[in-house]
Amino acid sequence: MKLTKILCLVLAVLSLSLCFVACGNDEGKVLKMATNAYFQPYEYYDANNQIVGIDAEIAAAICEYLGYELEIIDMEFDSIITSIQEGSCDFGMAGMTVSPERLVDVDFTSSYATGVQVVIVKEGSAITSVDDLTDADYKIGVQLGTTGDIYATDDYGADRVVSYNNGNSAVLALIGGSVDCVILDNEPAKKLVEANPGLKILDTSYADEDYAICVQKGNSELLEDLNRALDALTKDGTIDAIVNKYIK
Ligand code: GLN
């Protein structure tokens with residue numbers, strides 16, 4: 001009799017702990033997003049030190065749609081692809097342009113936004129169009145590892161391109177006179193020009209691009225999930241509503 005009771009107790013405890021293990025696996029599925037949160041309005045810190053912006057909100061909507069929790073990890077822009085390759089983060093979302101070079105290292109979802117590389121100069125600068133960049137020995141500021149960096153290095157040579165950790169540092173270098181212009185994505189460029197009097201964006205743009213989310217090469221399951229979510233959130237107007245909230 002006593003033995004039966006003990007056996008029942010052991011079985012009860014065992015099944016309870018099995019349930020905890022099972023429940024634990026179901027709950028708290030987390031997707032880790034790698035980003036660089038100095039790229040307003042796509043990702044930046046708000047007054048409460050929270051990472052907000054178009055990418056942060058679209059990622060939150062995607063995770064809600066797929067039943068995941070979202071964790072955003074801030075890092076240097078040129079570490080994002082490595083973190084995806086190594087598997088320390090699940091996806092990269094950082095106003096990231098789809099490019100043939102990056103497609104060797106990661107896979108990209110369908111595009112959820114377009115970007116334009118523009119040129120920021122000081123008002124009254126002798127640089128009045130993108131063509132002027134080929135004419136003289138102008139120094140060009142860029143953000144390290146971005147498409148602006150890659151294209152400008154190809155077009156004008158590494159000697160004339162100075163890379164900074166973020167767009168803000170590049171703009172400070174322009175104001176201080178270490179570079180003659182800065183090549184940057186249009187929306188962050190607009191924010192930086194608004195915040196720093198005496199600067200302007202040239203009317204001619206440098207390159208047009210598509211932004212997408214990157215995942216580890218060959219992770220077709222996550223890629224399909226993300227594409228399915230992006231498709232549904234585009235169709236129901238969620239993506240447009242988020243973009244319109246940040247870009248007037
Ligand atoms: N769109 C650019 C790129 O992908 C810049 C992105 C960024 O600085 N966050 O390289």
Side-chain angles (χ1 to χ4, degrees), residues 32-46 51-59 72-85 89 91-120 130 140-156 158 161-174 179 181-193 195-196 201-202 205-217 226 230 239 242-243 246-247:
K32 285 189 187 169
M33 160 176 156
T35 198
N36 172 245
Y38 297 89
F39 201 66
Q40 200 175 350
Y42 293 93
E43 41 270 321
Y44 60 99
Y45 286 93
D46 70 4
I51 298 176
V52 295
I54 295 172
D55 288 344
E57 286 205 29
I58 293 178
I72 302 182
I73 317 246
D74 185 19
M75 61 184 72
E76 295 300 339
F77 182 78
D78 72 335
S79 301
I80 295 174
I81 288 191
T82 316
S83 79
I84 302 307
Q85 288 180 299
C89 286
F91 67 92
M93 197 170 184
M96 190 179 272
T97 305
V98 183
S99 75
E101 298 88 353
R102 289 178 183 159
L103 277 165
V104 175
D105 298 326
V106 286
D107 287 335
F108 279 99
T109 61
S110 43
S111 175
Y112 63 90
T114 51
V116 182
Q117 295 291 316
V118 296
V119 182
I120 310 173
V130 170
I140 302 162
V142 295
Q143 184 184 346
L144 181 68
T146 60
T147 44
D149 184 2
I150 297 161
Y151 304 155
T153 304
D154 276 357
D155 289 347
Y156 310 113
V161 178
V162 188
S163 50
Y164 298 89
N165 269 341
N166 56 59
N168 192 42
S169 307
V171 162
L172 288 179
L174 172 64
V179 293
C181 67
V182 168
I183 296 180
L184 205 67
D185 299 48
N186 58 331
E187 292 304 331
K190 277 195 226 162
K191 296 283 178 199
L192 288 168
V193 167
N196 295 282
I201 295 173
L202 296 184
S205 59
Y206 181 51
D208 294 333
E209 354 190 84
D210 290 317
Y211 291 168
I213 305 171
C214 68
V215 300
Q216 200 171 48
K217 198 107 205 108
L226 295 177
L230 276 175
I239 305 256
I242 294 171
V243 171
Y246 287 93
I247 300 177

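Order of listing sets the numbers, starting from 1, for every ligand and every atom in it. This one's a predicted model, so the numbers in the text were calculated from it and none came from an experiment.
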- Give me the one residue out of Arg102, Gln216, Lys217 that meets side-chain hydrogen bond (donor to acceptor under 3.5 Å, both in side chains) with Asp107.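 The single option meeting the side-chain hydrogen bond (donor to acceptor under 3.5 Å, both in side chains) with Asp107 is Lys217.
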Side-chain H-bond candidate by donor/acceptor type, [X] with [Y], under 3.5 Å:
{"X": "Asp55", "Y": "Tyr211", "value": "no"}
{"X": "Gln143", "Y": "Asn165", "value": "no"}
{"X": "Asp185", "Y": "Tyr42", "value": "no"}
{"X": "Thr146", "Y": "Asp149", "value": "no"}

- Query: Would you call the rings of Tyr44 and Tyr246 parallel, tilted or perpendicular, where under 30° means parallel and over 60° means perpendicular?
  - Reply: perpendicular
Could you go through ligand 1 and list every pair where one of its N or O atoms sits under 3.5 Å from a protein N or O, giving the atom names and the distance to one decimal?
unit_1	atom_1	unit_2	atom_2	d
ligand 1	1 (N)	Gly95	O	2.8
ligand 1	1 (N)	Thr97	OG1	2.8
ligand 1	1 (N)	Asp185	OD2	2.6
ligand 1	4 (O)	Thr97	N	2.8
ligand 1	4 (O)	Thr97	OG1	3.2
ligand 1	4 (O)	Arg102	NH1	2.8
ligand 1	8 (O)	Gln143	OE1	2.9
ligand 1	9 (N)	Ala94	O	2.8
ligand 1	10 (O)	Arg102	NH1	3.4
ligand 1	10 (O)	Arg102	NH2	2.8
ligand 1	10 (O)	Thr147	N	2.7
ligand 1	10 (O)	Thr147	OG1	3.4

